[in-house]
Asks: 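My structure is below; once you've seen it, I'll send some questions.
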Amino acid sequence: MRRILTGLSVAAAIAFSASVVQAEPKAEVMHWWTSGGEAAAVKVLKDEFAANGGTWTDMAVAGGGGDAAKTTLKARVLAGNPPTAFQMKGPSIQEWFEEGVLADIDDVAKANGWDKALPPMIAAQMKCDGKYCAAPVNIHRVNWIWANPAVMKKAGVSMPTTWDEFNAAADKLKAAGITPLAHGGQSWQDATVFETVVLGFGADFYKKALVDLDEKALTSDTMIKVFDQMRKMRGYVDANFSGRDWNLATAMVMKGEAAFQIMGDWAKGEFTAAGKKPDVDYLCAPTPGSGYLYNVDSFAMFKVKGEDKVKGQKLLAKLIMGPKFQEVFNLNKGSIPVRTDVSLAKFDACALKSNADLKAADKAGTLLPSYAHGMAMRGAISGAITDVVTKHFNSDMSSADAVKQLAAAVKNAM
Ligand code: BGC
């Protein structure tokens with residue numbers, strides 16, 4: 001009997017060591033990239049992961065802006081079953097780190113020279129207590145207008161550069177029977193439009209209101225004007241806007257059913273996936289005002305058990321920061337590479353404009369984090385702001401009341 005047991009344990013030990021030696025990289029990757037352009041982009045990563053011997057388990061949770069994915073993540077972490085990697089960005093990386101659940105990928109970063117390849121500000125956001133815990137993929141610009149040139153021509157309007165010009169163009173389009181603004185009534189899309197309106201009243205005002213959360217700015221006459229403009233915007237959307245997904249709004253512009261969409265350059269990923277060309281089939285232009293609202297996608301790694309998963313995380317991190325991957329992924333995604341050493345030779349005019357404006361904004365001090373896309377503040381505060389923005393957009397709340405509620409919401413959430 002004893003011999004059998006000994007024999008068994010030797011066999012088990014051999015099997016165990018064999019499994020250790022053979023541990024293949026595995027990753028369950030949770031993200032919200034489900035639209036045409038997004039899916040094409042994430043496929044680049046999936047394919048590269050597989051080509052390097054990895055097994056990818058896809059956990060796509062549909063819902064633009066990631067609200068649904070973030071809710072699912074919370075439930076998974078609470079249940080003690082986090083994914084290997086999550087599409088996480090901005091201050092929420094620090095929030096999750098404080099919960100003690102993020103893994104350290106500093107060895108991958110050191111071995112692959114991340115500190116040299118990344119802008120210092122972005123490198124800092126990817127670090128938890130000085131060590132890398134997340135890998136960045138791209139830089140998306142949020143403050144863009146996507147437009148249909150044929151429809152604009154038909155109505156005799158040109159690209160607006162101020163909100164007054166925008167309103168004048170929108171009134172003309174409306175009179176010509178064209179929906180001026182393709183919009184999906186989901187709170188994160190309302191927030192996306194809102195932050196571009198805030199920026200239109202000055203980069204300095206944006207910083208005071210949505211980065212510093214300065215009470216004076218939040219309750220100012222300028223903020224009243226912001227809500228006045230949001231009320232105008234509400235009049236420029238079609239009757240079926242409620243609940244519409246952002247990519248369907250992009251499709252409205254593509255098909256000439258609407259003239260403009262205000263959306264980050266993941267919208268360009270939709271045009272690209274449909275074979276459309278900038279300056280021919282569609283136009284891209286910054287929303288009114290000067291400045292650049294940035295949104296950096298990244299993947300944070302969770303503490304997981306099992307050598308296969310740890311290997312999976314390290315492989316994933318290495319691939320995400322690979323120069324070739326950053327080129328191909330971003331050509332599909334609509335964004336620009338976050339690595340500073342990737343050639344933009346294959347990128348289109350909108351991407352080149354994004355890159356040039358990013359550099360100019362950095363010099364001018366007008367490079368600003370997107371509040372609507374989780375780059376500017378902790379989730380509780382941005383959520384409180386978005387609640388007010390959405391409530392105002394979907395009711396007849398006055399601008400004065402919205403401003404009062406905004407300041408109170410921020411105070412409560414701090
Ligand atoms: C993400 C993008 C994504 C978009 C729409 C943003 O918050 O940063 O990567 O394409 O939401 O889902």
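Atoms within a ligand are numbered from 1 in the order they appear, just like the ligands themselves.
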Asks: A quick test of your reading: do over 12 heavy atoms of other residues, nucleotides or ligands sit less than 6.0 Å from NZ of Lys309?
Replies: no
Asks: For Lys333, counting its heavy atoms only, list the atoms of ligand 1 lying under 4.0 Å from any of them.
Replies: 2 (C), 3 (C), 9 (O), 10 (O)
Asks: If you count heavy atoms of other groups shown closer than 6.0 angstrom to NZ of Lys207, is the number above 12?
Replies: no
Asks: Taking distance alone, with no angle check, do Trp188 and ligand 1 share an N/O pair under 3.5 Å?
Replies: no
Asks: Are any of the heavy atoms in Gly65 under 4.0 Å away from ligand 1?
Replies: yes
Asks: Among protein heavy atoms, which lies nearest atom 9 (O) of ligand 1, and at what distance?
Replies: Asp297 OD2, 2.7 Å
Asks: Do other residues, nucleotides or ligands put more than 12 heavy atoms under 6.0 Å from the NZ atom of Lys46?
Replies: yes
Asks: Find out whether the Lys NZ or Arg CZ of Lys70 is both under 6.0 angstrom from the six-membered ring centre of Trp32 and within 45° of the ring's axis.
Replies: yes
Asks: Determine whether more than 12 heavy atoms belonging to other residues, nucleotides or ligands lie under 6.0 Å from atom CD of Glu165.
Replies: yes
Asks: Under a plain distance cut-off of 3.5 Å, with no hydrogens placed, do Ser335 and Asn330 share a side-chain donor-acceptor pair?
Replies: yes
Asks: Before signing off on this row, confirm whether Glu38 and ligand 1 have an N or O atom pair separated by under 3.5 Å.
Replies: yes
Asks: Just going by heavy-atom distances, which of His31, His373, Glu270, Gln189 is nearest to atom 6 (C) of ligand 1?
Replies: His373
Asks: Can you list the ligand 1 atoms lying under 4.0 Å from a non-hydrogen atom of Gly64?
Replies: 12 (O)
Asks: Numbering the atoms of ligand 1 from 1, which are under 4.0 Å from a heavy atom of Lys89?
Replies: 1 (C), 6 (C), 7 (O), 8 (O)
